[in-house]
Amino acid sequence: MEEKRVKGLLLDADYEEKVNGSVIRLFVKSGGKVLIFHDPSFYPYFHVKAEDPKKAAAEISKAVFGEGSKAFRVSEAKNDLLKVEFKNVSELKDARKEIRSLPTVFAAFEYDVPFSKRYLIDKQLEPTFGIELAVEGDEIKEVKAAKVQGEEFNFAAFDIETLSPGRFSDAKRDPVLMISFVSAKGEKLLTYNGKLQGAKNVEVFESEEKTLRAFFKLLAQEKIDVLATYNGDRFDLPYIKERCKTLGIKPKFYPANESFSVKKGGRDTHVRLHGMQHLDVYQMLRFLNRFGVVNLIKFDLESVAFSLFGNEKEKIRAEEINEIWEKGEGLERLAEYCIADSSVTLKIAMQYAPLIMELSKLVKQTLFETSRSSASLLIEYLLMNKAFLEGKVVPNRPTDEETSQRIMQSFVGGYVKEPTPGLHENLAVLDFSSLHPSIMISHNISPENLNCGHRECRENVSPNNQQFCTKEEGFLSGILKNLFETRMDLKKKLKEIGKQGEGALLLNARQQALKILMNSFYGYLGYARSRWFSRECASAVTAWSRQYVKGVIDKAEKSGFNALYGDTDSAFLQIPEGKSDEDVKKFVEEINASLPGVMNLELEGFFKRGIFVTKESGEGAKKKYALIDRQNNLKIVGFEYVRRDWSNIAKETQRNVITAILEEGNPDKAVEIVRDAIKNLKGGKTPKRELVVLTILKRPLNKYDSIGPHVAAAQKAVQRGKELGTGSVISYVITKRGKSISDKAMLEEYVEEGNYDSDYYISHQVIPAVIKIMRELGYSKEDLIQGGKQSKLGAFG
DNA sequence: TAATTCGCTAGACCGA
DNA sequence: TCGGTCTAGCGAA
């Protein structure tokens, strides 16, 4: 057969079990459709370390593992290791358990890298980006990453509604009622309810079975590459699978025309399709939340749609869906609701897909995998890639025992300066850009660089006495440097073309992806389950960070500024009379001239006023402040206002007080604001939504030693039949009835308007939130509650 | 299946 | 009943 060259986008890599063994399969989007290729030349393998490799090789070749599993090939590899290959994955799994018990074998490495991930790493392929292959028929002869243009993925989202007759839907009994499907081609609703005949975008089929078949067909017709769901991992797709089983049909998904397995790993369930990338937007948002790309508390689709796009989406409850279906009234509304779910799911998917795809490319894992990864996994993929390229062995994961040893010995973190409480005017905030990464790069911090012993490297010693080589670029620091420089280039380009410029969105996604990875390195070094754990490195990073930040603070004082505060990578300076903005800029330049490598101090901005408060103990409170810049932009940090476990009434009152003081310099107005809130509370006029407190249950309800209000509220709700557990968001109100606060706490949904304990909200919510601020201006609690007292002398100098 | 440390504060809990 | 201590959650960086 003739050899052919193919170019396209790499959509997926998995493997199939064939008679000859496990065979890698690639899905490539090319010419508007997905092509499937196999690579029978690549075998599952791991590495083995032996004192006498020749002897060990002979022994391994003869050995039988499990029930008849054998190595297929043993060869010499990098670093005096042996490469042990197998015909299929299950033989490898048998062997990795037993091989270390062979007398000639010391250790095994990289035995837990999944086969298709191994392939992507070894071939250095970039999922969701370009790939070039030489093929004969469907057999891969050569493959490499390449630039490809003019090809793009088709995205779609779907959502199902199911019957739930007085209980949670059970896929064994309750049918799928309708399926909404939204793609670039428009919106569709598939159902078999005749009453919906002729409704907008609706296609009616004869039965549930035919509806499901039509859905599978639609995916193929539209050649969908990325299928977005909202919680499809745990609900929609397992449900469809179970329905198909009950109805006796086979789910067939484009492009492999195969069903799927539901992978249960620990607490998580994932549905991985073959070829088509299942992007569970719920999982993706959790992922993005971890990196601060989004900041969400409640993850139901309605809350998410509201936080991200501000659109109020209707929620139809399960009981109501049931009623609508059975009575046949309101079916169109239900159809619209179902479509709206898919629609918003697709919108979120499209918005963040560029970022996830850039990350996929960087860590060389599929979109499916990347969008469900943890920070540590991302870093691990990245490091494994680099290790492969440099011919280094990937360290094994620590045992549970090692892990707990590591956890027991923590290390010292960043420096936080106690602030000078009070109201301050004319401030400048300085901070180090990418502090931890820049320290790692500039001091070449990497585990194998520790105590190199070279004479010429002896100066490179951290304040906590860790010495790092300066001759050889470190493994971790080298990777970081690369990411850092690439990101700098991107940011430069972005600046040139402007935020609205062509391609700016992609460039921004790229630099954001790099930032996410860079920021995870330091954490990974100190993470107990890390393959590249190094307390020495992690503690050296923070030791240097403390030194640098304190250095800036000291020098600022010496230069005549008042250093008010600093936290980890920042310094807050008050600019005294006689000093100017220019002096600040000059100071920053001076500091930068003294910094090594890529370290850089930035002027974050000037602020006309700022306030720090005093703790109960009389010290200045760290990690709490409010600033206002010269354009009147307010920045509130650490205060109750930014905390979800405080009521809106307390938070809003606090924000209004801060605004009155910082923006208008008007503490009298602040007092009025507080009195107003108190008056409303006392009058019973404050609406329920202003009183709700949100707290997340961190453990099962029976595992609490101390029963706080949120636990008490949850317990009462469970008694009423509500399902709540670890991870549930408890929204509660403190009601009138009960002795302790916990007694009075009740889930918001059971509380009627007006039923709240006004004393609690006044003295435990509003007053505590504002008094710490007002106290700095000389006001007392009594001033806020009673009338009379006027502006204090000296509040504004 | 899980990136790190530092810090604040509430409300329960417990013993005097 | 009071006051100190502990549990728990969340935020900053």
Side-chain angles (χ1 to χ4, degrees), chain A residues 263-270 283 286 290-292 295 297 372-380 397 403 406-407 410-419 431-436 516-535 537-539 541-543 545-546 549 565-570 604 613-617 619-625 635-647 650 693-699 703-712 729-730 734 739-745 760 763-765 768-769 772:
Chain A
K263 280 189 195 166
K264 286 185 183 162
R267 228 176 280 161
D268 278 332
T269 303
H270 297 304
Q283 298 286 346
R286 296 214 81 105
R290 285 201 277 279
F291 298 105
N295 184 14
I297 304 160
R372 289 166 178 77
S373 292
S374 59
S376 64
L377 265 181
L378 288 186
I379 295 298
E380 206 164 285
R397 291 215 176 92
T403 305
R406 291 173 177 183
I407 289 170
S410 63
F411 57 92
V412 184
Y415 168 69
V416 189
K417 178 180 161 61
E418 186 192 328
D431 62 4
F432 284 97
S433 27
S434 302
L435 178 68
H436 291 152
I516 285 173
L517 290 177
M518 281 170 47
N519 284 343
S520 306
F521 267 74
Y522 153 73
Y524 186 68
L525 271 176
Y527 168 51
R529 304 196 98 99
S530 167
R531 291 178 189 263
W532 277 271
F533 177 85
S534 170
R535 187 180 299 106
C537 290
S539 64
V541 173
T542 54
S545 84
R546 293 191 296 275
V549 164
Y565 177 62
D567 184 353
T568 310
D569 63 353
S570 64
E604 193 196 294
V613 297
T614 311
K615 286 193 292 180
E616 213 57 57
S617 66
E619 296 160 280
K622 298 166 177 175
K623 299 188 187 280
K624 270 184 187 226
Y625 57 86
K635 185 176 179 188
I636 301 179
V637 178
F639 277 117
E640 286 73 8
Y641 174 68
V642 298
R643 295 180 63 97
R644 63 166 173 259
D645 55 351
W646 279 74
S647 64
V693 173
L694 302 182
T695 312
I696 291 174
L697 283 180
K698 297 284 185 186
R699 54 182 81 164
K703 288 269 157 63
Y704 281 90
D705 293 332
S706 173
I707 310 299
H710 71 294
V711 180
V729 179
I730 309 300
I734 302 303
K739 268 182 87 179
S740 69
I741 292 169
S742 285
D743 284 343
K744 296 180 184 179
Y760 169 82
S763 56
H764 288 78
Q765 292 276 332
K772 36 176 106 26

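Every chain is numbered from 1, with letters handed out A, B, ... down the list of sequences.
- Counting to the nearest Å, the P atom of B:dT1 and the NE2 atom of A:H270 are 8 Å from each other.
- Between A:F533 atom CZ and B:dA2 atom P the separation is 16 Å, expressed in whole Å.
- Ring geometry for A:F411 against A:Y522 counts as perpendicular: the plane angle is over 60°, on a 0 to 90° scale with 30° as the lower cut.
- Below 30°, between 30° and 60°, or above 60°: for A:Y524 and A:W532 the angle between ring planes is between 30° and 60°, a tilted geometry.
- Residue A:T542 is classed as having no contact, given no heavy-atom separation below 4.0 Å to the nucleic acid.
- Using a 4.0 Å heavy-atom criterion, one finds that A:S520 contacts no nucleic acid atom at all.
- Between the NZ atom of A:K615 and the P atom of B:dA10 there is a distance of 12 Å, rounded to whole Å.
- Here the side chain of A:S410 is nearest to one of B:dA10, B:dT5, B:dA12, namely B:dT5.
- Spacing between atom CD of A:E619 and atom P of B:dT9 amounts to 10 Å, rounded to whole angstrom units.
- B:dA10 atom C1' lies 15 Å from atom NZ of A:K744, rounded to whole Å.
- Among the atoms of the strands shown, none is found under 4.0 Å from any heavy atom of A:L525.
- With hydrogens and angles left out, the side-chain atoms of A:S376 and A:S374 include a donor and acceptor closer than 3.5 Å.
- Distance CD1 (A:I741) to C1' (B:dT9): 13 Å, rounded to an integer number of Å.
- Comparing B:dA10, B:dC8, B:dA2 by their nearest atom to the side chain of A:K622 picks out B:dC8.
- Using a 4.0 Å cut-off between charged nitrogen and carboxylate oxygen, A:E380 and A:R397 count as a salt-bridge pair.
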For A:K698 and A:Y704, run side-chain contact (heavy atoms from CB on, under 4.5 Å): C-alpha distance rounded to whole Å, both residues' side-chain angles, the deciding distance at 0.1 Å, then the answer.
CA-CA 9 Å; A:K698 297 284 185 186; A:Y704 281 90; 4.2 Å; yes
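- Residue-level contact check: A:F411 touches the backbone only, with heavy atoms under 4.0 Å from sugar-phosphate atoms and none from bases.
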For nucleotides 3-13 of chain C, read 5' to 3', which letter fits each nucleotide if B means a protein heavy atom sits under 4.0 Å from the base, S means only the sugar-phosphate is that close, and - means neither?
----SSBBBBS
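- If you measure from atom CD of A:E640 to atom P of B:dA10, you get 7 Å, rounded to the nearest angstrom.
- Between A:D567 and A:K622 there is no salt bridge, since no side-chain nitrogen of the basic residue lies less than 4.0 Å from a carboxylate oxygen of the acidic one.
- When atom types are taken as modelled, the side chain of A:S530 and the backbone of A:G526 share no donor-acceptor pair closer than 3.5 angstrom.
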Please walk me through it: do A:S570 and A:E604 pass side-chain contact (heavy atoms from CB on, under 4.5 Å)?
CA-CA 9 Å; A:S570 64; A:E604 193 196 294; over 6 Å; no
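- Sequence order on DNA chain B of the closest nucleotides to A:K772 and A:I707 puts A:K772 first from the 5' end.
- A:G523 comes within 4.0 angstrom of a base, heavy atoms only.
- In this structure, A:L378 places its CG atom 14 Å from C1' of B:dT1, rounding to the nearest Å.
- Nearest nucleotide to the A:V416 side chain, out of B:dA10, B:dG7, B:dT4: B:dG7.
- Within the nucleic acid shown, A:H436 has no heavy atom closer than 4.0 Å to any nucleic acid atom.
- Nucleotides of DNA chain B nearest to A:S740 and A:A375 differ in position, and the one nearer the 5' end is that of A:A375.
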